[in-house]
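Atoms considered below: every heavy atom in the structure, side chains included; atoms not considered: hydrogens, waters and symmetry mates. Naming: A, B, ... by sequence-line order, numbering from 1 per chain. Quick caveat, the model's predicted, so the values are computed rather than measured.
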Amino acid sequence: MDTIKTRFAPSPTGWLHVGGARTALFNYLLAKQAGGTFLLRIEDTDRARHDESAVEKIIEDLRWLGLEWDEGIEVDGDNGPYRQSERLEIYTEHIGRLLNAGQAYYAFETPEELDAMRTEARAEKRNFRYPRPDPLPTAADADKARDEGRPVVVRFKIPGRDVTIRDEVFGEVTVAAAEQDDFIIAKTDGWPTYHLANVVDDALMGVNFVCRGQEFLSQTWRHVLLREAFGFAEPRYAHLPLIMDMAGRKLSKRDGAVEVHAFRTAGYLPEALVNFISLLGWNPGDGRERLTMAEMIESFSVNRINKANAKFDREKLLAFNTDAVAAADEGRLLAGFKDYLSLNETPIPTDDDSLLLHLLRINKGFRTFADIPTKCGVLFVADDAYDYDEKAVKKVLARGDGSGYAMLEYLKAKLADCEWTEETLQALIEGICAEKSIGMGKVAQPIRVAVTGSTISPDIYNTLVILGKGKTIARIDRCMARKG
RNA sequence: GAUCCCAUCGUCUAGCCAGGUCCAGGACACCGGGUUUUCAUCCCGGCAACACGGGUUCAAAUCCCGUUGGGAUCACCA
């Protein structure tokens with residue numbers, strides 16, 4: 001038996017979608033587990049929608065996720081080129097082959113005429129099937145039509161028999177001959193349609209395991225028939241259940257990020273995202289949920305792929321990320337944090353590794369990298385550039401007898417004389433608590449609100465050390481001044 | 001509308017193929033409690049599902065049929 005060769009064949013329309021990421025991941029796992037090959041091909045036969053920058057985006061996202069391919073665009077191989085826009089001759093030759101063998105023929109309808117036929121079929125509550133002319137148009141007819149300015153396409157002449165697809169997830173699915181029709185394989189502009197290019201490329205590139213979204217299952221009969229016409233071997237098929245939003249609708253941008261890149265920008269770790277999407281439609285079967293890529297490769301199995309659609313639960317993804325962060329070592333976190341910062345506007349200095357490492361350490365328990373600027377960003381802005389959260393001010397400083405402000409006034413004097421290290425500040429503040437027999441909250445909170453404008457910051461000692469004495473005093477002054 | 005596919009806690013799912021060990025297990029969310037100088041983390045406890053109706057069987061979440069619900073496809077987009 002040949003070794004497994006899978007592929008991910010995205011159409012470049014933008015950043016990689018999480019659905020596409022899962023398809024890529026499963027293909028990757030399938031290949032890696034079998035010691036096979038994972039191939040990346042770009043399907044860009046739609047010249048009108050072509051977006052060159054999207055190719056780079058997809059490549060960047062796949063690499064960020066850790067899904068490196070063994071063959072394909074950028075890494076090359078023996079079966080290139082790996083973008084369909086560079087393979088026109090191959091498709092033209094194959095279409096010609098079908099034409100010569102009488103397995104395909106020319107058609108000349110305009111989109112309007114086709115629409116009218118479809119509308120009519122619909123009105124009669126029957127499925128539209130392209131009416132095959134008899135006799136079939138010749139090449140001369142095609143030339144004539146072209147001269148008359150009519151669109152010329154090539155349609156595949158279906159053999160007219162039922163087609164059964166043996167899918168490794170959904171089982172045997174049969175499409176009756178009556179449900180098929182002579183579909184287009186070459187467009188007016190001479191480029192092949194998806195079905196033809198996809199089948200030809202998979203066969204020529206040696207792909208023998210096709211794993212893709214379920215939306216293709218009811219179209220696979222076209223691929224089976226095309227392969228048969230060319231004499232290509234059948235690959236194994238595994239269609240994947242779809243990923244929906246929480247309302248059960250097709251995952252759309254409407255209710256949050258759906259692009260891999262958006263999660264990267266939002267401060268997620270790729271291993272958390274990969275782990276999470278691996279569990280959308282699959283699981284190892286032994287109760288484990290947190291899996292490394294190596295563990296996924298080891299335990300992956302098509303037999304355990306589900307048939308029911310899955311919903312994309314962002315809350316659970318967040319929980320996965322929280323755990324991934326807790327499990328990551330400092331080197332990993334530093335690299336991830338720098339990547340996050342490079343993608344976002346931030347007041348945090350990005351060139352000081354020891355500072356970044358320190359921020360990582362004092363923020364243990366953070367859920368995404370975005371939590372760090374949320375909590376510490378204010379420490380790096382100008383002393384008059386942060387806002388006061390009135391609710392926090394009221395609760396901590398202005399409430400009741402104004403003891404918060406009184407404490408702040410008292411603390412300011414003490415702090416002004418204090419040596420500025422974590423230890424000395426801790427000794428000072430704990431000393432005050434003991435001396436006055438009050439809880440830590442009574443002391444730390446007034447300072448926190450004064451110097452950050454909110455009740456959210458790292459522990460008070462680190463907050464003050466990062467700020468420095470001068471800025472701490474300046475901020476307390478600002479706070480007292482606005483008291484009015 | 002036609003064709004095909006799917007159906008276990010709110011969500012991801014285990015169990016189903018080889019019926020009994022399941023008054024259905026885990027995780028996320030949620031609720032309650034605890035730890036903590038804030039936020040977050042963390043710890044403990046709780047709530048919560050076999051879509052419905054028939055059938056087969058001594059026995060059904062598991063097998064069969066139907067109903068209902070959801071999804072996909074029906075493009076010169078992939």
Legend entry - Under 3.5 Å donor-acceptor pair, A/Lys316 side-chain atoms to B/A27 base atoms: yes
Legend entry - Selected nucleotide, minimal atom distance to A/Glu289 side chain, candidates B/G26, B/U3, B/C77: B/G26
Inset, instruction - Report the residue (A/Val173 or A/Asp313) whose heavy-atom-nearest nucleotide on RNA chain B is the more 5′ of the two. - result: A/Val173
Legend entry - G-U wobble or Watson-Crick pairing nucleotide for B/C16 (cut-off 3.5 Å, both distances): none
Inset, instruction - Pick the P atom in B/U73 and in B/A60, then give their distance to the nearest Å. - result: 39 Å
Legend entry - Sugar-phosphate only, base, or nothing, as touched by A/Pro458 at under 4.0 Å among non-hydrogen atoms: base
Legend entry - Phosphate contact (B/C76 OP1 or OP2) by A/Arg118 side-chain N/O below 4.0 Å: yes
Inset, instruction - Determine whether any donor atom in the side chain of A/Lys307 lies under 3.5 Å from an acceptor atom in the base of B/C6, or the reverse, and answer yes or no. - result: no
Inset, instruction - Answer with yes or no whether A/Glu315 presents, from its side chain, a donor or acceptor under 3.5 Å of a partner atom in the base of B/A27. - result: no
Inset, instruction - Kindly say whether, by distance alone, the side chain of A/Asn127 makes a donor-acceptor pair under 3.5 Å with the base of B/G1? - result: yes
Inset, instruction - Check A/Tyr105 against A/Phe156 and note the closest heavy-atom contact, atom names and distance. - result: CE2-O, 4.4 Å
Legend entry - Selection from B/C74, B/C6, B/A78 that lies nearest to any side-chain heavy atom of A/Phe170: B/C6
Inset, instruction - Tell which nucleotide pairs with B/U11, taking only Watson-Crick or G-U wobble pairs whose two distances are both under 3.5 angstrom. - result: B/A27
Inset, instruction - Look at the side-chain N and O atoms of A/Lys187 and state whether any lies under 4.0 Å from the OP1 or OP2 oxygen of B/C77. - result: yes
Inset, instruction - Anything under 30° is parallel, anything over 60° is perpendicular, the rest tilted; go ahead and classify A/Phe108 against A/Tyr106. - result: parallel
Legend entry - For B/A72, the Watson-Crick or wobble counterpart (both distances under 3.5 Å): B/U3
Legend entry - Mutual orientation of the aromatic rings belonging to A/His239 and A/Tyr237 [parallel < 30°, tilted 30-60°, perpendicular > 60°]: parallel
Inset, instruction - Once you apply the 3.5 Å cut-off to both distances, tell me the Watson-Crick or G-U wobble partner of B/U57, or none. - result: none
Inset, instruction - For A/Asp459, report the nucleic acid contact type (base, sugar-phosphate, nothing); a contact means any heavy atom under 4.0 Å. - result: base
Inset, instruction - Respond yes when some side-chain nitrogen or oxygen of A/Asn309 is under 4.0 Å from OP1 or OP2 of B/C6, and no when none is. - result: no
Inset, instruction - Return yes if the base of B/C76 and the side-chain atoms of A/Thr188 contain a donor-acceptor N/O pair under 3.5 Å, otherwise no. - result: yes
Inset, instruction - Under 4.0 Å between any heavy atoms, over every strand shown, what does A/Leu280 touch: base, sugar-phosphate, or nothing? Just pick one. - result: sugar-phosphate
Inset, instruction - State whether A/Phe276 and A/Arg290 meet the cation-pi test: NZ (Lys) or CZ (Arg) under 6.0 Å from the six-membered ring centroid, and within 45° of the perpendicular axis. - result: no
Legend entry - Touch class at under 4.0 angstrom, heavy-atom based, for A/Thr455 against every strand present: base
Legend entry - A/Thr322 side-chain proximity, nearest of B/C42, B/C77, B/A72: B/C42
Legend entry - Any N/O donor-acceptor pair, A/Arg448 side-chain to B/U37 base, under 3.5 Å: yes
Inset, instruction - Using a cut-off of strictly less than 4.0 Å, decide whether A/Arg367 has a side-chain nitrogen or oxygen near OP1 or OP2 of B/U41. - result: yes
